[in-house]
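Numbering of residues begins at 1 and proceeds along the displayed sequence.
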Amino acid sequence: MQEISSNSRLTRFHDLLVKTGLNQVLESSKTFTVWAPTNEALQNVDQNILNNPERLKQFVSNHISYQQYFSHTPLPATNQIKTLSGKNVLWNKANATVESAKIEEANKYTANGVLHIVGAPLTPKMNSWEFLTSTNLSPRQKAYMQSLDERVFVDSLAVQTGVDPATGRPVYDPATGFVQQNQFFQRVYNLANEDSVYTFIMLTDEAYSAEFSRFQKFFSTSTTDSTNALTNWAVTKDLAFRGAFTKETLPPTLVSRSGVQVQIDKSAVVREERTSNGMVLVVNKLTVANQEKIKPIRVEGESIFDIRALRLSHPDKAGNVSVQTRRSGTSGENYRYLRATGHGVSGLWLRYVIPNVNSTKYKVYWSVINDFQADPFNQRIVLGTLDATAFPYKAVAASTLPVREELGEYTAAKYGNLNAFLRSALSTTNALNPLTLDYLELVPVF
């Protein structure tokens, strides 16, 4: 603070420090880096900032950071430095700039830190979420993402007023404990988080509508509202990525948190905006391959074991259902499969519930192994309802390793859970009615 006070080029910044009380912060024994704008740099600061005490304090504190950062010392990996405003500033050492401000005098060492004199003010930037909600560049995407806001109760934040004598549970003040959060923040990335760096894609309405129309058929349900909700989520969930990329530094492929590969044509980027926690790219065209969002579904045979009695046509035969562990002769790794033997029931079945099956056509495969008897036996897969006949009985020959076979095609008319029945032969003879399943797989057909 003494260094700033004694510099005739920094009198305006000095006055703002005093006006906001931040001079007292800089007079403390903590360590700081200050990027002080010159008098000329502060001539045209927005009056809305200067006349609003809260915004003014955020503006001034955006020039101050804890710790010492010299031009010759290492920076964080992102080159972004957290300021006292809670926002980040970007230091480009190659260009000798912080944000867009040229560093005119660097590394002025003081008793409690380092001072750099810059030729432009460091106005706090919006984070990526603030940018989305403050603009109308992507109204359809904006409206959907804001609709994901929800009010949730957090008991640790609530004020307890008593205990319910009937249940012994705490009673809370109903006006406390509620916080706003957004499902996108919980399930993908928190675009308002100033401590992380993201690239966020905003689609123009034309681009958003095109993607929505492409994927809507894969999320068909019994109601328009639920179909639209599922499709909106499918489009939006893969538009945020770790790291900050400009139009020029975009890699060939970005990978979303859900593992979807997204390729963006640089010519489709109509605007780029650096935010306090990364980059926003406004894009007028985006095409994600069907197979990236609509993935194969694989159900392990043994996954049902712990609840087999609940999913078995004859619960009293749960003891006849086991999980076998074998070592693969090719990979040397263990694998497991489900087996039902010695039950003496004609048409015994186990029911698997396959979640999140898209409304599309699938090729259906199973992997089965008969390493427990020399004679073959018949079994079948039934999808949907138990009386469906799309897939006939198929012989399972003796083998020492699992055998993968294509069973045929199945079209799911609606998105959601799908029942899959593994059914034994219509015989009470134990040698003829075993069941076995390594896995069942549904592969989308586009």
Criterion side chain to side chain donor-acceptor pair (under 3.5 Å) on Asn190 and Ser196, from CA distance to verdict: CA-CA 9 Å; Asn190 183 351; Ser196 296; over 6 Å; no

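- With 3.5 Å as the limit, one finds no donor-acceptor pair spanning the side chains of Asn182 and Gln146.
- With Tyr362 contributing its side chain and Glu441 its backbone, the two residues share no donor-acceptor pair below 3.5 Å.
- With hydrogens and angles left out, the side-chain atoms of Asp225 and Thr223 include no donor and acceptor closer than 3.5 Å.
- By the ring pair (Phe, Tyr, Trp, His ring centres under 6.0 Å) test, Phe421 pairs with Trp349, sequence neighbours left out.
- At a cut-off of 3.5 Å, with distance as the only test, no side-chain donor of Gln180 or Asp149 sits close to an acceptor on the other residue.
- Residue pairs that meet the side chain to side chain donor-acceptor pair (under 3.5 Å) test with at least one member in residues 15-37, sequence neighbours left out, do not exist here.
- Phe212 carries Arg140 over the face of its six-membered ring, with the cationic atom under 6.0 Å from the centre and within 45° of the normal.
- Tyr208 and Thr236 share a side-chain donor-acceptor pair at under 3.5 Å.
- No side-chain heavy atom of Tyr198 sits less than 4.5 Å from a side-chain heavy atom of Val280.
- Residue Lys87 is tested with Gln80, Gln58, Glu194 for a side chain to side chain donor-acceptor pair (under 3.5 Å); the sole match is Glu194.
- In terms of heavy atoms, Ala120 sits closest to Ala101 at O-CB, 3.4 Å.
- Cation-pi geometry between Lys293 and Phe215 is met: the NZ or CZ atom falls under 6.0 Å from the ring centre, inside 45° of the normal.
- Using a distance-only test at 3.5 Å, with no hydrogens or angles considered, a donor-acceptor pair links the side chain of Gln141 to the main chain of Leu203.
- Looking only at distances, no side-chain donor or acceptor of Arg187 sits under 3.5 Å from a matching main-chain atom of Lys237.
- Here the CG-OG distance, from Leu90 to Ser100, works out to 10.5 Å after rounding to the nearest 0.5 Å.
- Between Glu300 and Arg298, at least one side-chain nitrogen of the basic residue sits less than 4.0 Å from a carboxylate oxygen of the acidic one, meeting the salt-bridge criterion.
- Residues Ala41 and Val118 come closest through the heavy atom pair CB-O, 4.4 Å.
- Defined by atom type and a distance below 3.5 Å, a donor-acceptor pair is present between the side-chain atoms of Ser322 and Gln324.
- Remark: Phe153 pairs with Tyr172, Phe178 by the ring pair (Phe, Tyr, Trp, His ring centres under 6.0 Å) rule, at least two apart or across chains.
- The ring of Tyr66 has its center closer than 6.0 angstrom to the ring center of Phe32.
- By the 4.5 Å heavy-atom criterion applied to side chains, Leu26 and Ile64 are counted as neighbours.
- The residues Arg274 and Glu99 are annotated as salt-bridged, a charged nitrogen and a carboxylate oxygen being separated by less than 4.0 angstrom.
- The closest side-chain donor-acceptor pair between Thr436 and Gln379, if any, does not fall under 3.5 angstrom.
- Here the straight-line distance linking atom NZ of Lys108 with atom CD of Glu3 works out to 5.0 Å at 0.5 Å rounding.
- Looking only at atom types and distance, the side chain of Thr123 has no donor-acceptor partner in the side chain of Asn62 under 3.5 Å away.
- For Ser220 and Thr227, the side-chain atoms include no donor-acceptor pair closer than 3.5 Å.
- Asp195 is linked by a salt bridge (Lys or Arg N to Asp or Glu O under 4.0 Å) to Lys82, counting only residues two or more places apart in sequence or in another chain.
- When all heavy atoms of Ser359 and Lys217 are compared, the closest pair comes out as OG-O, 2.6 Å.
- Counting only N and O atoms by type, the side chains of Asn284 and Thr204 include no donor and acceptor under 3.5 Å apart.
- Here the closest heavy-atom approach between residue Ser138 and residue Asp205 is recorded as C-OD1, 4.0 Å.
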Identify all side-chain donor-acceptor contacts of residues 69-76 below 3.5 Å with residues at least two apart in sequence or on another chain.
residue	atom	partner	partner atom	Å
Ser71	OG	Asn107	OD1	3.4
Ser71	OG	Asn107	ND2	2.6
Thr73	OG1	Phe70	N	3.0
Thr73	OG1	Phe70	O	3.1

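- Here the closest non-hydrogen pair linking Val270 and Val283 is CG2-N, 4.5 Å.
- With contacts defined as side-chain heavy-atom distances shorter than 4.5 Å, the pair Met126/Thr133 does not qualify.
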Intermediate values then yes/no, side chain to side chain donor-acceptor pair (under 3.5 Å), Gln216 and Asn228: CA-CA 7 Å; Gln216 188 177 27; Asn228 289 348; 3.2 Å; yes

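- In this view, Trp366 satisfies the ring pair (Phe, Tyr, Trp, His ring centres under 6.0 Å) rule with no residue, not counting sequence neighbours.
- Centroid-to-centroid, the aromatic rings of Phe185 and Trp129 come within less than 6.0 Å.
- Classification of the Phe59-His63 ring pair by plane angle, with boundaries at 30° and 60°, yields perpendicular.
- Closest non-hydrogen pair, Leu418 versus Gly384, comes out as CD1-N, 3.7 Å.
- A heavy-atom distance below 4.5 Å is found between the side chains of Gln43 and Arg12.
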